[in-house]
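Read through the structure below, which is laid out as structure tokens, and then see the notes.
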Amino acid sequence: AWKEFDLVGHQICLGTTKLSIIKKTVRCDGISVDALDPDNILDIPSLMSKHYPTYGPYFGVYAVVDYPGTMAIGDTLVTLD
């Protein structure tokens, strides 16, 4: 789990697309609201920080497209640097 965090600061290639992974994504508080019961608030980012302190409230990474291309199911992700 959370292997994508190891890619921060690196460039990757997926299919013919090249991406730079620039930083971790912090989840917004909206993830804590139950759409069927808005009074039931479960603070997911805080729970993530509490139970997984190494990873904090992060749920992914941001990437910048350096070279547009195509990606397909089954393509292998390659780290370029």
TODO: Report the distance from atom CD1 of Ile21 to atom CZ of Phe5, rounding to the nearest 0.5 Å.
DONE: 11.5 Å
Open item on the list: Hydrophobic clustering (ILVMFWY, side-chain heavy atoms < 4.5 Å, transitive) - are Met48 and Tyr55 grouped together?
Closed with: yes
Task: Cluster check Tyr52, Leu47: I/L/V/M/F/W/Y, side chain < 4.5 angstrom - done: yes
Open item on the list: As a quick check of understanding, evaluate side chain to side chain contact (heavy atoms under 4.5 Å, CB included) for Asp34 and Leu42, giving each step before the final call.
Closed with: CA-CA 8 Å; Asp34 182 343; Leu42 185 60; over 6 Å; no
Open item on the list: So, taking the atom named CD1 in Ile44 and the one named OG in Ser49, what distance separates them when rounded to the nearest 0.5 Å?
Closed with: 11.5 Å
- [ ] Please check if atom NZ in Lys18 has more than 12 non-hydrogen atoms from other residues, nucleotides or ligands closer than 6.0 Å.
- [x] no
Atom pairs and distances, side-chain donor-acceptor, residues 62-81, under 3.5 Å, sequence neighbours left out:
residue	atom	partner	partner atom	Å
Asp66	OD1	Ser20	OG	3.4
Asp66	OD2	Gln11	NE2	2.9
Asp66	OD2	Ser20	N	3.1
Asp66	OD2	Ser20	OG	2.4
Thr70	OG1	Thr16	OG1	3.4
Asp75	OD2	Ala72	N	2.7
Asp81	OD1	His10	ND1	3.1
Asp81	OD1	Gln11	N	3.0

- [ ] Determine yes or no for a side-chain-to-main-chain donor-acceptor pair under 3.5 angstrom, with Thr17 supplying the side chain and Cys13 the backbone.
- [x] no
Open item on the list: Is any side-chain heavy atom of Val61 closer than 4.5 Å to one of Val8?
Closed with: yes
Task: Ring-ring centroid check Trp2 Tyr58, cutoff 6.0 Å - done: no
TODO: Quick one: pull up CD1 in Ile41 and OG in Ser32 and give me the separation to the nearest 0.5 Å.
DONE: 7.0 Å
